[in-house]
There are 4 protein chains.
Amino acid sequence: MAGSLNKVCLIGNLGQDPEIRRTQGGNAVANFSVATSESWRDRNTGEKKEKTDWHNVVVWNEGLAKVCEQYLRKGSKVYIEGKLQTRKWQDQGGADRYTTEVILQFDAKLIMLSGREDSAGDSRRDDRGSGRDEGQRRGGNTRGNDNSGGYGGGGSGGNFSRDLDDDIPFEMPWR
Amino acid sequence: MAGSLNKVCLIGNLGQDPEIRRTQGGNAVANFSVATSESWRDRNTGEKKEKTDWHNVVVWNEGLAKVCEQYLRKGSKVYIEGKLQTRKWQDQGGADRYTTEVILQFDAKLIMLSGREDSAGDSRRDDRGSGRDEGQRRGGNTRGNDNSGGYGGGGSGGNFSRDLDDDIPFEMPWR
Amino acid sequence: MAGSLNKVCLIGNLGQDPEIRRTQGGNAVANFSVATSESWRDRNTGEKKEKTDWHNVVVWNEGLAKVCEQYLRKGSKVYIEGKLQTRKWQDQGGADRYTTEVILQFDAKLIMLSGREDSAGDSRRDDRGSGRDEGQRRGGNTRGNDNSGGYGGGGSGGNFSRDLDDDIPFEMPWR
Amino acid sequence: MAGSLNKVCLIGNLGQDPEIRRTQGGNAVANFSVATSESWRDRNTGEKKEKTDWHNVVVWNEGLAKVCEQYLRKGSKVYIEGKLQTRKWQDQGGADRYTTEVILQFDAKLIMLSGREDSAGDSRRDDRGSGRDEGQRRGGNTRGNDNSGGYGGGGSGGNFSRDLDDDIPFEMPWR
DNA sequence: TTTT
DNA sequence: TTTT
């Protein structure tokens, strides 16, 4: 259907270190969950209440996935902009099951809101025992990338900046 | 967690007429699903592809639910702004299952994008055999509401307009 | 500053036909204004009030600008997603002046919400005397583009579809 | 016009401490500017470029304005969700001038993204000589508010939490 | 200047 | 299950 919009915006904290997988084509994909929560005061009892929601995030975007691998950790606060997608699968009994995820693929955005100290700028960070395959993580991250903070869903190459078109000035020549 | 954001924005079409339920407290709740889709051209074969996603929407907001009941129908195009929530339940075998929904409750927004002709301004619309309990729907909708189009998540009373505070001018007196 | 977000989302109607200009480099740029409005009931007098805001939109994106040229007209309803930008200029007296615009450039989105009948799918639409240079408009639009409705801020070539990467499956092979 | 959307979302840093004014009706209004920026690499020269945009924010919302007064300072990072509004005024020469601002009024949201240490939790913060009227600020802020972090555009009273309706359960009784 |  |  032409003319539709599917957008999810979250600000929350990672529940665990991102898990990085590779597709058969070799592309990096990152998985993690993000907690958001809301609090309110009960109208009747006056007591404070809080409810936390967990969101499964899947980063189907080579550049963004590498950023996740390198900079995000359990507890990191992020702004995430992606789309909602529900995927069907079969459980052991062969019954249909559905899982809804927030997909970062195209037009996606990820902004790191934690200070750099929360993230991992090098490979000597303390390992908090997440059980992740560290060998895999350490494989490809040695090249420096000083582009910290905000990432558009740029190209799939190593350059995460947005490569704005220089032919497009910020001033408008005819005015 | 203070300081989190949980927002979903959709523009899409309803897959069927909204279903209206009442809570035990008598509040209206509307349920419907919204389709969004994206299309692209396959890089290798050049053929056009399209993928549709379905989103379950639950309107936990008395005023907005009534608007849905009165104006939305199968095929209606809407802009929806709500939050993501996953709810746990048990299937017949007692196994945990999860369902993710887009909740319109507080700070929610619903804008009707179909022309009025697509919606139901009166009760004489053609029934497309949705199997819904028509008796319930026809119960409370006779009062006129000329507030068509956009609705903030206003009060739970019959007045859907936002009742802006008149003490707040649009000009700033000190400038 | 890494890690910032600048996003404007509007649903409104065009106040006039878009104006298309060309940069010296030959790129198309579209300008138009969009009206949004809100209505409320005065708390004291009970009378209905309405306030309309006008937003200047500048489409610095070859593909999107062509879509505007071809499909948008005075009165067209659109969803627009861009960024806020204030530009400095000098008035005749040499005094600094500032104009704030909604820029559609990268990561921008434009969804046509009016039916096709409101827009111009051919060149036989009635000309409402907008004074626009019709010669220019008619010049390059003859090639068919059946991609109606929603446009991401795709490439600057003639292909407005998003060219998703085929290496990226919608299923996740390891699960 | 029914059915319109006017939303601005920013993540950025305050350029100076917020200025708090009072309307003649006694309501607090906060003003500050927020910087967002984007960076990219020049296609031709390969050099890094950065552009910063400044946004004027006006908080026409008693509760939110007090939060700004109490917690935000020059440099604070915030997520802001408001609407775009252009206001007309006359310069000294009587010529019409326009200023565009991001208004936080209804449906507005402000999330503090800096750690608490950047903000002012008490009145003993260092004064960075902003020239603001300190007497006015110190006037009304002594009451404790432990509601740090995220604020919906709640009521105009002292309770900034959202007072969710207890009649609305998070589970759906009929399922 | 739009729209309902 | 929608829509183009």
Side-chain angles (χ1 to χ4, degrees), chain A residues 1-6 86, chain B residues 10-19 31-40 48-57 71-80 111-119 121 128-132 145-151 160-161, chain C residues 10-19 31-39 48-57 71-80 111-119 121 128-132 145-151 161, chain D residues 1-6 86:
Chain A
M1 171 185 23
S4 68
L5 175 73
N6 177 355
T86 298
Chain B
L10 303 174
I11 292 177
N13 300 279
L14 272 73
Q16 67 290 112
D17 287 9
E19 287 188 51
N31 285 264
F32 52 89
S33 59
V34 167
T36 59
S37 103
E38 50 185 336
S39 60
W40 69 97
K48 242 186 174 169
K49 295 200 167 169
E50 178 163 348
K51 179 174 186 301
T52 296
D53 290 295
W54 287 97
H55 312 280
N56 295 317
V57 178
Y71 294 111
L72 297 185
R73 292 294 171 268
K74 179 184 182 179
S76 296
K77 177 164 271 190
V78 287
Y79 169 83
I80 269 181
I111 299 177
M112 293 166 34
L113 298 171
S114 300
R116 195 61 167 281
E117 71 289 356
D118 293 291
S119 31
R128 272 162 284 187
S130 65
R132 220 184 340 81
N145 184 323
D146 66 343
N147 198 351
S148 65
Y151 303 90
F160 305 133
S161 71
Chain C
L10 303 174
I11 292 179
N13 299 281
L14 272 73
Q16 69 289 115
D17 287 9
E19 288 188 50
N31 286 263
F32 52 89
S33 57
V34 167
T36 58
S37 102
E38 50 185 336
S39 60
K48 244 188 170 165
K49 294 198 169 172
E50 179 164 348
K51 179 173 185 303
T52 296
D53 289 295
W54 286 97
H55 312 278
N56 296 315
V57 177
Y71 295 111
L72 297 185
R73 291 295 171 267
K74 178 184 183 177
S76 297
K77 176 165 274 190
V78 286
Y79 169 83
I80 268 180
I111 299 176
M112 292 166 36
L113 299 171
S114 301
R116 197 61 168 282
E117 72 289 357
D118 293 291
S119 30
R128 271 162 283 190
S130 66
R132 218 179 346 76
N145 182 324
D146 66 344
N147 198 350
S148 64
Y151 302 89
S161 71
Chain D
M1 171 184 22
S4 68
L5 175 74
N6 177 357
T86 297

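Worth knowing before you read on, the calculation uses all heavy atoms, side chains too, and leaves out hydrogens, waters and symmetry mates. Numbers restart at 1 for each chain; the letters A, B, ... are given by sequence-line order, proteins then strands.
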Engineer: Quiz question: going by heavy-atom distance under 3.5 Å, is there a donor-acceptor pair between the base of E:dT1 and the side chain of C:Ser33?
Structural biologist: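 By the distance-only test, yes, there is a pair.
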
Engineer: To check you understand the geometry: which heavy-atom pair defines the closest contact between B:Leu113 and C:Lys77, and what is its length?
Structural biologist: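 So the two residues come closest at CD2-CD, 4.4 Å.
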
Engineer: Just the rounded figure in Å: distance from C1' of F:dT4 to CD of B:Glu50.
Structural biologist: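 Result: 7 Å.
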
Engineer: Please evaluate the base of E:dT3 for a donor-acceptor partner in the side chain of C:Thr52 within a cut-off of under 3.5 Å?
Structural biologist: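 No such pair is found, so the answer is no.
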
Engineer: Mind listing the closest non-hydrogen atom pair of B:Leu72 and B:Met112 along with its distance?
Structural biologist: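 Result for this residue pair: CD2-CG, 3.8 Å.
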
Engineer: For E:dT2, is there a stacking contact with C:Trp54, counting only centres under 5.5 Å and planes under 30°?
Structural biologist: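 Aromatic stack with E:dT2 absent for C:Trp54.
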
Engineer: To the side chain of B:Gln16, which of F:dT3, F:dT1, E:dT2 is closest?
Structural biologist: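 So the nucleotide nearest the side chain must be F:dT1.
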
Engineer: In this structure, how many angstroms lie between the P atom of E:dT3 and the CE atom of C:Met112, rounded?
Structural biologist: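 Between P of E:dT3 and CE of C:Met112: 16 Å.
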
Engineer: Restricting to non-hydrogen atoms, name the atom on B:Gly75 and the atom on B:Ser114 that form the minimum distance, rounded to 0.1 Å.
Structural biologist: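 For B:Gly75 versus B:Ser114, the nearest heavy atoms are O-OG, 4.3 Å.
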
Engineer: Rounded to the Å, how far apart are B:Leu72 CG and F:dT3 P?
Structural biologist: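 About 14 Å, once rounded to whole Å.
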
Engineer: What is the distance, rounded to the nearest whole Å, between atom CG of C:Asn56 and atom C1' of E:dT1?
Structural biologist: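 That distance rounds to 11 Å.
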
Engineer: With sequence neighbours left out, what residues match C:Asn56 under side-chain hydrogen bond (donor to acceptor under 3.5 Å, both in side chains)?
Structural biologist: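 In terms of side-chain hydrogen bond (donor to acceptor under 3.5 Å, both in side chains), with neighbours along the sequence ignored, C:Asn56 is linked to no residue.
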
Engineer: Check the distance between F:dT4's C1' and C:Tyr79's OH and give it to me in whole angstrom.
Structural biologist: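 From C:Tyr79 OH to F:dT4 C1': 19 Å.
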
Engineer: C:Glu38 CD to E:dT2 P: how many Å, rounded?
Structural biologist: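 Distance, rounded to whole Å: 19 Å.
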
Engineer: Using atom NZ of C:Lys77 as one end and atom C1' of E:dT4 as the other, report the distance to the nearest whole Å.
Structural biologist: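 That distance rounds to 8 Å.
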
Engineer: How many whole angstroms separate atom CG of B:Leu14 from atom P of F:dT4?
Structural biologist: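 These atoms are roughly 14 Å apart.
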
